[in-house]
Amino acid sequence: MGEPRGAEGTATETSPAMEPPVEEGGGEEGEDEEQEKVAVEQAIARERAAQKQLMAIEELVHTEKNYLKHLQLCTVTIRSNLQKLQPSLPDLDGMFQHIDEVIEVSGRLLSLLDQTHVATSDPKFLELLCNSFLSLSRDVESSYREYLANYSNITALENSYKQKEALWIELVKVVKSSAPEVNASTLTFFLVMPVQRIARYPLLLQTIQKHTDPQHPAYPLLEQTAKLAVDLNCRINEYKRFREVADKYKKTENLTIKDKIHRLSGHSIAKKTARLSQFIKHETGLVPQVKDEEFDSLAAFFYGLEKGITDLHENLEAFLCHLQRFLSCRPEEHDLDMEADKGALFSREIAVALRQWIYPSFERRLRTLVFKPLCSLRELLAGPRNLIRKRRDKLLDFEMLEDKANLSYEEQAVANTYRTMNALLLAELPEFNSRTLQLLWTTLGTFSCLLRDLASDMEQLANSFTQQLPHSFLENRAFWQWADGAVLEEAKKLESLCQSVQDELNGPIVQPLATQDQKRLRALMDKHGSEKLYQLTGPVVGTRDLDLTLSKGELVAVLNEMDTRGDRRRWLVDAGGPRGYVPASKLVRYHQAIQDPPPSPSPMTTSSSSSPRRHSYCPGASPTVSKAMPCFQVFAGYDFTARSSHELTLRSGEPVRVLEPHDKRGNPEWSLVEARGQRGYVPSNYLAMLPSVVASPTLPYH
């Protein structure tokens, strides 16, 4: 029993000495197996990553092809079928705005990937993909940002279609029948794809980067492309936010006072009060005003452009109006009693050619090439102008929040709105000013070209006639001698015409009365005396109680130079039977006609004078007009308001009686007159002398 224990003990003691070699050999084999296992797992992981990378690359290419196919189906097939609908969809082109640029840039990306014929499994394809995307990054950004900024208008337009049930049903039918293989019933199923696609580019590229070995030759390029895709989305979102702010504040609303009152609230009143308070602090110097020299210079340049465009638009509008009035005059259609020489005939033919062909053609081109573009350019100025004004209001709000350490959510939104508007204007206003100035110069250049063409046409027309005139072959000196003589001859004819008209006006205007009128005249003179007799310068129609209806030239006797209410514009008269009121402006004092009237006492003006015939008395001249002389009456040519008790207030067209043609110092610039029973001084050049019947007493005589 003991030996076995000893043997067992010996075996037990000696086993540790024998185990280390066995354990050492087993450890080496285990490490080799471990390394082999790790190598196998790494190979499997690399293969799996390569497969995932290939699948991600194929997914990007495959989805890009399907995406382009769906967009083309929408813009070509569905759009053409929708255009055939009756009644047509309003603003259908607005649904597809900017989508053509998106399709074009997507097609270019696929063509770059296909033109080298490199398989997606080829390691070089990844480098080709990154280079293609990087080369098109600017075009991708410009096309997608405009589309995404306009996408809200697309959805609003589709919602307007939904309001018309019958039209919406037809639209859904067209979409389903045009794309039966696609489970789509609305246009937004297709039109939302660019919005989704631009956001998917970073995810796909980051997935490819995740499964790409960092030791891959194209890995740095892939990393740059993935980062660019993220930055591209950020810039597009920022641009979209800028556009939303611009669209919100650039609108011009024509609100009535009632609408503005309805919009008032406690919040709006508090906000406007705070802005006014901040503005007053700026003006009084209590708070320094924030200065931005860059923006101020841009805004000043914009306002200068706006004023120039507005003035040009108003002047051009007035020019077209005057041109229309000129074309409405047709002197060639009237017999002007001109001598039937070649000059008169050619003048009529030239006038016809100008009115019927040259000027109408010029007007059409002017409206199409200059006036309409200028109107559109003026309308475009409203948006930036409203943004600049709104930026000023938001700046006042921002200044009140600038010193605060902690801002609330609403205050942070106000600050962000100002920063967005300021950044938008600093980025967009220089380009807008440049484009506007370029358009303005183009418009002015077009206007100059049109005027040059007009002058050329008129010169060509005039030359075609002047060559047939006898003086066209004269030398310069002889031609000008002939021109001076012709002008002087016509001036003498005009002077003779003016003299004959003046002689006619200075002749007696009161004709001998008929037997019945003579009886009425004697009756009125016996009853009221000659001082009360007046004659009507025009017909009078009664419109009020006690008004008389009389004919031009009838005789009446003035009973009172005012009505019962004290109105001196209505005089009470006796018409030889009926009594009533007539306008005082229609009455002039009656003077009997004689066979050989003496010369008129009025101051004579030379026929060569072109100034208006103003009444002005000379010192020493008798102010009394004889009743036997031709009938001339002095009226107030203009309204005059008395400035002291020595002066007399007059109304234009009111008859007056000149008592003294000068003041007490002999100054002829003031005249003492009597009107409405009152006396006072008035300026002499405010008086006009008119024939009592020939001309209207309500206008100064020229």
Are more than 12 heavy atoms, taken from residues, nucleotides or ligands other than [X], located less than 6.0 Å from that residue's [atom1] atom?
{"X": "Met400", "atom1": "CE", "answer": "yes"}
{"X": "Arg48", "atom1": "CZ", "answer": "no"}
{"X": "Glu410", "atom1": "CD", "answer": "no"}
{"X": "Arg138", "atom1": "CZ", "answer": "no"}
{"X": "Phe279", "atom1": "CZ", "answer": "no"}

Between [X] and [Y], is there a donor-acceptor pair closer than 3.5 Å when you use the side chain of the first and the backbone of the second?
{"X": "Thr225", "Y": "Leu221", "answer": "yes"}
{"X": "Ser328", "Y": "Arg325", "answer": "yes"}
{"X": "Ser142", "Y": "Asp139", "answer": "yes"}
{"X": "Asn131", "Y": "Glu127", "answer": "yes"}
{"X": "Thr420", "Y": "Asn416", "answer": "yes"}
{"X": "Thr368", "Y": "Arg365", "answer": "no"}
{"X": "Ser106", "Y": "Val102", "answer": "no"}

Item to check | Pairs where residues 418-435 contributes a residue and the test salt bridge (Lys or Arg N to Asp or Glu O under 4.0 Å) is met, not counting sequence neighbours | outcome: Glu431-Arg435
Next on the checklist: Once you measure the plane-to-plane angle for His70 and Phe190, does it fall in the parallel (<30°), tilted (30-60°) or perpendicular (>60°) bin?
Outcome noted: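 It falls in the perpendicular class, over 60°.
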Checklist entry - So Tyr359 and Phe362, would you call those rings parallel, tilted or perpendicular, with 30° and 60° as cut-offs? => result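 Ring orientation, 0 to 90° scale: perpendicular.
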Minimum-distance pair of heavy atoms, taken over all atoms of [X] and [Y]:
{"X": "Pro217", "Y": "Pro220", "answer": "O-CD, 3.6 Å"}
{"X": "Leu396", "Y": "Arg275", "answer": "CD1-O, 3.7 Å"}
{"X": "Leu461", "Y": "Ala353", "answer": "CD2-CB, 3.7 Å"}
{"X": "Leu157", "Y": "Pro90", "answer": "CD1-O, 4.1 Å"}
{"X": "Thr63", "Y": "Arg197", "answer": "OG1-NH1, 3.0 Å"}
{"X": "Ala199", "Y": "Asn233", "answer": "CA-OD1, 3.4 Å"}

Would you compute the distance between atom [atom1] of [X] and atom [atom2] of [Y] and round it to the nearest 0.5 angstrom?
{"X": "Gln97", "Y": "Ile154", "atom1": "CD", "atom2": "CD1", "value": "7.5 Å"}
{"X": "Cys130", "Y": "Leu205", "atom1": "SG", "atom2": "CG", "value": "7.0 Å"}
{"X": "Leu429", "Y": "Ile388", "atom1": "CG", "atom2": "CD1", "value": "5.0 Å"}
{"X": "Lys162", "Y": "Leu171", "atom1": "NZ", "atom2": "CG", "value": "10.0 Å"}
{"X": "Ser160", "Y": "Leu89", "atom1": "OG", "atom2": "CG", "value": "9.0 Å"}
{"X": "Gln356", "Y": "Leu327", "atom1": "CD", "atom2": "CG", "value": "10.5 Å"}

Next on the checklist: Applying side-chain contact (heavy atoms from CB on, under 4.5 Å) to Phe302 and Leu381, what does each step give before you reach the verdict?
Outcome noted: CA-CA 9 Å; Phe302 170 81; Leu381 298 175; 3.8 Å; yes
Under a 4.0 Å threshold between the charged nitrogen and the carboxylate oxygen, would [Y] count as salt-bridged to [X]?
{"X": "Lys307", "Y": "Asp311", "value": "yes"}
{"X": "Arg241", "Y": "Glu238", "value": "yes"}
{"X": "Glu244", "Y": "Lys240", "value": "yes"}
{"X": "Lys272", "Y": "Asp393", "value": "no"}

Checklist entry - Do Asn66 and His62 meet the criterion of a side-chain donor-acceptor pair at a distance under 3.5 Å? => result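 The criterion, which ignores hydrogens and geometry beyond distance, is satisfied for His62 and Asn66.
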Item to check | Side-chain H-bond candidate by donor/acceptor type, Ser132 with Arg108, under 3.5 Å | outcome: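 Arg108 and Ser132 do not have a side-chain donor-acceptor pair below 3.5 Å.
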What I'd like to find out is whether the side chain of [X] reaches to under 4.5 Å of the side chain of [Y], using heavy atoms alone.
{"X": "Thr417", "Y": "Phe398", "result": "no"}
{"X": "Phe133", "Y": "Leu112", "result": "no"}
{"X": "Glu146", "Y": "Arg243", "result": "yes"}
{"X": "Phe447", "Y": "Leu316", "result": "yes"}
{"X": "Val140", "Y": "Ile198", "result": "yes"}
{"X": "Met95", "Y": "Tyr161", "result": "yes"}
{"X": "Ser361", "Y": "Arg364", "result": "yes"}
{"X": "Leu425", "Y": "Leu298", "result": "no"}

Checklist entry - When you look at Arg391 and Phe295, which way does the side-chain contact (heavy atoms from CB on, under 4.5 Å) test go after all the steps? => result CA-CA 11 Å; Arg391 184 253 185 200; Phe295 175 80; 3.2 Å; yes
Next on the checklist: side-chain contact (heavy atoms from CB on, under 4.5 Å), that's the test. Do Gln209 and Tyr219 meet it? Break it down for me.
Outcome noted: CA-CA 7 Å; Gln209 181 186 3; Tyr219 187 84; 3.6 Å; yes
Checklist entry - Which residue pairs pass the side-chain hydrogen bond (donor to acceptor under 3.5 Å, both in side chains) test with at least one member in residues 164-184, sequence neighbours excluded? => result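 Only Asn81-Ser178 qualify under side-chain hydrogen bond (donor to acceptor under 3.5 Å, both in side chains).
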Checklist entry - Glu223 and Lys227: salt bridge (Lys or Arg N to Asp or Glu O under 4.0 Å), yes or no, with the steps? => result CA-CA 6 Å; Glu223 187 177 15; Lys227 185 178 181 302; over 6 Å; no
Checklist entry - Where do Thr207 and Lys52 land on the side-chain contact (heavy atoms from CB on, under 4.5 Å) test, with the steps shown first? => result CA-CA 9 Å; Thr207 302; Lys52 290 182 178 181; over 6 Å; no
Next on the checklist: On the six-membered ring of Tyr67, is Arg200 placed so that its NZ or CZ lies under 6.0 angstrom from the centre and within 45° of the ring axis?
Outcome noted: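 So Arg200 doesn't make the cation-pi contact.
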Checklist entry - Considering the options Leu369, Leu366, Leu451, Leu374, which one meets the side chain to side chain contact (heavy atoms under 4.5 Å, CB included) requirement together with Thr446? => result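 Exactly one pass, corresponding to Leu369.
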